[in-house]
Amino acid sequence: MNKLKKILVFCISLMAVIGLAACSEEGSSDGELTIGISLPSATHGWMGALIDDAETQAKELKESEGINYVITNADDPNSQANDVDDLISQGVDAIVMLPIESAALSPVGQKVADEGIPLVIVDRELENDAATVVVKGDNEGIGVNAGEYFVEQLGGQGKIVEITGPPSSVTEQRGAGFQEAIEKEPGMEIVASQNGDFSTETSLEVMQNILQAQPEIDAVFTQDDGMALGVIQAINEAGRDDIQFVTGAGGAKEVFESIQNGGLVSATFLYPPSQVKEGVKIAADLASGKEAEEDLVIIEATQVTKDNVEDYYDPDSKF
């Protein structure tokens with residue numbers, strides 16, 4: 001009887017130890033949340049600043065809430081799709097993605113949704129409804145505001161060059177907004193529209209070719225501040241004095257300085273890279289099981305000219 005009691009006590013003790021170990025293991029896994037962040041590659045400019053902002057916010061969340069993060073950077077859509085596949089296989093609790101191209105990344109976005117992983121899309125939208133939340137600037141508003149600025153500055157008459165971004169929702173919406181604003185004026189004509197790939201270097205080359213082909217240009221609408229800088233370089237190198245002004249989008253320090261100094265860039269429209277911080281914070285909430293307050297967050301496309309540039313210029317800005 002004593003022997004049976006000893007065996008019984010041993011079994012109960014062993015079960016208790018196993019149970020405690022299991023509870024401890026379950027508790028630690030519950031506390032280990034991880035956000036996956038998939039972004040294009042960049043070291044400078046708007047995207048470089050966005051990457052810095054994403055990591056800064058992710059580090060703050062790790063320190064304050066203990067949420068881990070994994071950041072990947074890709075040079076092309078195929079590489080980015082592979083990055084997102086890897087994040088899915090790692091079992092992350094939420095994903096933040098800025099798609100290099102909207103159409104190309106839509107399928108992997110759907111894969112994230114099908115796996116039940118919350119997906120926060122920043123800047124460029126997908127072509128499906130896979131996103132849990134979209135955080136972006138007012139791209140159509142940038143185009144509309146720029147178009148209205150052109151109509152006002154040119155008095156409804158002018159030959160315009162448009163430098164666009166690569167195929168994406170951003171490019172389409174900014175272009176559509178601009179077209180909507182100027183098509184009401186029959187005297188406004190877009191004489192050339194080329195893809196500058198959101199790159200200063202590419203826009204320089206593209207604008208050099210346009211300047212050779214177009215003997216008369218009144219103004220240039222660019223969809224990005226970095227592209228505006230490339231356009232200005234091409235204009236200055238060509239010695240063209242017929243172009244009255246250039247506009248950008250984003251809010252780059254160098255563009256603000258051009259506006260301050262009365263340079264060729266006379267206006268830009270805000271599209272801050274810091275929007276990604278909001279995306280990372282939302283992803284952290286979703287990973288923690290919270291419901292999204294809204295499925296679309298839009299940052300206003302404020303017009304910045306010589307009249308208000310001092311309100312936005314920060315000499316210490318990385319962008």
Side-chain angles (χ1 to χ4, degrees), residues 42 44-50 123-124 136-154 158 160-166 168 170-171 173-179 181-182 190 192-207 210-211 217-236 243-275 299-314 317-319:
H44 61 280
W46 189 89
M47 192 65 72
L50 181 139
D123 181 31
R124 305 170 195 173
K136 64 173 188 170
D138 186 359
N139 289 303
E140 186 173 353
I142 284 174
V144 169
N145 291 350
E148 291 175 349
Y149 179 82
F150 272 65
V151 171
E152 178 185 349
Q153 296 299 311
L154 297 175
I160 301 163
V161 166
E162 178 186 38
I163 306 298
T164 74
S168 70
V170 170
T171 296
Q173 291 165 7
R174 292 182 187 181
F178 186 76
Q179 186 67 43
I182 68 167
I190 296 177
S193 180
Q194 294 290 327
N195 175 9
D197 203 33
F198 288 145
S199 161
T200 300
E201 295 77 13
T202 303
S203 298
L204 167 62
E205 295 172 6
V206 166
M207 192 63 194
I210 291 174
L211 289 169
I217 300 169
D218 292 299
V220 183
F221 163 56
T222 76
Q223 296 188 358
D224 167 74
D225 282 347
M227 296 198 300
L229 296 174
V231 165
I232 288 172
Q233 183 179 340
I235 293 170
N236 290 336
I243 298 166
Q244 300 175 38
F245 63 88
V246 176
T247 65
K253 179 169 64 176
E254 196 170 345
V255 165
F256 285 158
E257 289 169 352
S258 175
I259 294 172
Q260 287 173 321
N261 298 327
L264 261 182
V265 179
S266 61
T268 190
F269 304 87
L270 293 186
Y271 196 85
S274 57
Q275 63 186 266
I299 291 96
E300 187 177 352
T302 304
Q303 177 175 295
V304 180
T305 64
K306 62 182 179 181
D307 296 329
N308 63 346
V309 66
E310 298 301 335
D311 296 336
Y312 299 98
Y313 178 64
D314 176 7
S317 173
K318 293 182 179 178
F319 170 56

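If you read the sequence from its start, that first residue is 1, and numbering goes on from there. Computed from heavy atoms alone, side chains included, the values below leave out hydrogens, waters and symmetry copies.
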V231 backbone acceptor or donor facing S203 side chain under 3.5 Å: no
Polar side-chain atom of W46 near backbone of F198 as donor-acceptor pair, under 3.5 Å: no
Heavy-atom pair of closest approach, residues F319 and A49: CB-CB, 3.6 Å
Non-neighbouring partners of T305 that pass side-chain contact (heavy atoms from CB on, under 4.5 Å), sequence neighbours left out: Y149, A267, Q303, D307, N308
Backbone of V255 reached by a side-chain donor or acceptor of D225 within 3.5 Å: no
Nearest-0.5 Å distance that lies between atom CD1 in I259 and atom CZ in F245: 12.0 Å
Under 3.5 Å: donor-acceptor pair, side chain of Q223, backbone of G165: yes
Side chain proximity check, N145 to E148, heavy atoms < 4.5 angstrom: yes
K136 and Y271, any side-chain heavy atoms less than 4.5 Å apart: yes
Residue that, paired with R174, satisfies side-chain hydrogen bond (donor to acceptor under 3.5 Å, both in side chains) out of T222, N139, D224, D138: N139
Atom CD of E254 with >12 non-hydrogen neighbours under 6.0 angstrom: no
Full working for side chain to side chain contact (heavy atoms under 4.5 Å, CB included) between V304 and L270: CA-CA 7 Å; V304 180; L270 293 186; 3.8 Å; yes
Distance (rounded to the nearest 0.5 Å) between M47 CE and L50 CG: 6.0 Å
Nearest heavy-atom neighbours spanning E162 and S193: OE1-OG, 2.8 Å
Shortest non-hydrogen separation from I210 to A192 and the atoms involved: CG2-CB, 4.0 Å
Residue pair I190 / Q179, side-chain heavy-atom distance below 4.5 Å: yes
Student check: side-chain heavy atoms of D218 and I160 closer than 4.5 Å: no
Closest approach of M207 to I217 (non-hydrogen atoms, all atoms of both residues): CE-CD1, 4.2 Å
Minimum heavy-atom distance between A301 and G141, given as atom pair plus value: CB-C, 3.9 Å
Taking every non-hydrogen atom, the tightest pair across I243 and L264: O-CD2, 3.5 Å
G226 backbone acceptor or donor facing T200 side chain under 3.5 Å: yes
Check: A249 main-chain N/O paired with T268 side-chain donor or acceptor under 3.5 Å: yes
Distance, nearest 0.5 Å, that separates CZ of F178 from CD of E140: 14.0 Å
side-chain hydrogen bond (donor to acceptor under 3.5 Å, both in side chains) partners of E300, counting only residues at least two apart: none
Nearest-0.5 Å distance that lies between atom NZ in K253 and atom CD in Q260: 11.0 Å
Under the side-chain contact (heavy atoms from CB on, under 4.5 Å) test, residues paired with N261 that sit two or more places apart: E257
